[in-house]
2 protein chains.
Amino acid sequence: MKEETHDKRKCPSHLSTTECTKMLLPVKDALDVLSGKWKLQIILSLTFGKKRFKQIQREIPGLTPKMLSKELKELEINQLASRHVYDTLPVSVEYELTTYGKTLKPLIGELHKWGSTHRKRIIAGK
Amino acid sequence: MKEETHDKRKCPSHLSTTECTKMLLPVKDALDVLSGKWKLQIILSLTFGKKRFKQIQREIPGLTPKMLSKELKELEINQLASRHVYDTLPVSVEYELTTYGKTLKPLIGELHKWGSTHRKRIIAGK
DNA sequence: CATAGTGGTTTCCTTTTGTATACCGGTATC
DNA sequence: GATACCGGTATACAAAAGGAAACCACTATG
């Protein structure tokens, strides 16, 4: 009797289950962009201006060149950071948040807001 | 000559580097709460009402009982979902988003918003 | 008695993620 | 000539996350 009828408790009436999960794809995209052990710290570092490779590494204790290289590549692929090579000798390379990368700020702000109250709630024990 | 002076390009003038990274802790907390391959889908599922264990599992293809169990425990620990055992025979267990869990909605909304435009931008190729 | 459904746990395995360490070509410094 | 800085890469390994399958006690159905 519940053959083809849509269960409203499962999904909003105008959406199929697959449409629901499709809705989650953009959320996962946003999450992916910020995921990784060092990405937030790197983004924060670039928030305060252009930085060179070793400079970032020095600022973030424990960050190995391999990870820094990898995370910077991901930021570049997502067009959040840009890489500029200057043919000085030896070459110098500068990384910078793109204007697009700066659009992350309000989002990170929201994460910070929710995370702060959550942190208080959990640490408080109740 | 730049001995003890604070570099404004590294961190805002009123914050030390360690204070900066401390600022990131709440952001990481928020990210952690939503991380994990299945958590978003489970939260979405619970958004539409109380659900039983097997019911959630049936709704989300590929989700094994081990993972579901683990993710639900994490949601419980974070007070985002609650678990109710009814001593029917055999026992039935219902999971539900707490009112606190529902405070995630606007945050997920923001992630969705940013993620959508990002998805378009990256898929478009530029 | 066999089968299926309830809410899970256990064990073993693979994949992903991150760490540690050494190394590269080039230049500048001691 | 040895050392150190630059921007990384390569190799090997450890830890964490996730998947597959079997299993548990219990009940209800055929």
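Note on naming: letters A, B, ... go to the chains in the order of the sequence lines (proteins, then strands), and numbering restarts at 1 for each one.
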Check your understanding: Starting at the 5' end of DNA chain C, which residue's closest nucleotide do you reach first, A/Ser35 or A/Pro90?
Key ->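 Nearest nucleotide further toward 5': that of A/Ser35.
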Can you check the [X] [atom1] to [N] [atom2] distance for me, whole Å?
X	N	atom1	atom2	answer
B/Leu63	D/dA20	CG	C1'	13 Å
B/Met67	C/dG7	CE	P	19 Å
A/Tyr95	D/dG7	OH	P	8 Å
B/Leu31	D/dA17	CG	P	14 Å
B/Arg52	C/dG5	CZ	P	13 Å
A/Ile42	D/dG8	CD1	P	12 Å
B/Leu68	D/dA17	CG	C1'	16 Å
A/Asp87	C/dT27	CG	P	12 Å

When we call it a touch if two heavy atoms are under 4.0 Å apart, what does [X] touch: a base, just sugar-phosphate, or nothing?
X	result
B/Tyr86	nothing
B/Lys70	sugar-phosphate
A/Gly62	nothing
B/Lys54	base

Ignoring backbone atoms, establish whether [X] has a side-chain N or O less than 4.0 Å from OP1 or OP2 of [N].
X	N	result
B/Arg58	C/dG7	no
B/Arg83	C/dG8	yes
B/Ser69	C/dT9	yes
B/Lys73	C/dT9	yes

From [options], nucleotide with atom closest to [X] side chain:
X	options	answer
B/Lys66	D/dA10, D/dG19, D/dC6	D/dG19
A/Val91	C/dA20, D/dG7, C/dG8	D/dG7
A/Lys37	D/dA20, C/dG7, C/dG18	C/dG18

Point to revise | B/Trp114 side chain near A/Leu107 side chain, heavy-atom distance below 4.5 Å | key: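 A side-chain contact under 4.5 Å exists here.
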**Study point:** Gap separating the CG atom of B/Leu40 from the CE atom of A/Met23, nearest 0.5 angstrom
**Key:**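 Rounded to the nearest 0.5 Å, the CG-CE separation comes to 9.5 Å.
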Exercise for review: Give a yes or no on whether a salt bridge exists between A/Glu94 and A/Lys51, defined as a side-chain N under 4.0 angstrom from a carboxylate O.
Suggested key: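 The answer is no: the pair does not qualify as a salt bridge.
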Point to revise | Same apolar cluster: A/Phe53 and A/Tyr86, side chain cutoff 4.5 Å | key: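 Unlinked, A/Phe53 and A/Tyr86 end up in two clusters.
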Point to revise | No-hydrogen, no-angle side-chain donor-acceptor test under 3.5 Å, B/His84 and B/Ser82 | key: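 A pair is found: one side chain offers a donor N or O, the other an acceptor, under 3.5 Å apart.
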Practice item. Report yes or no: is the cationic atom of B/Arg52 (NZ for Lys, CZ for Arg) closer than 6.0 Å to the six-membered ring centre of B/Tyr95, at no more than 45° off its axis? Key: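 No, B/Arg52 does not sit over the ring of B/Tyr95.
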Review point. Mapping A/Pro65 and B/Leu89 onto DNA chain D by nearest heavy atom, which one lands closer to the 5' end?
Key: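 The answer here is A/Pro65.
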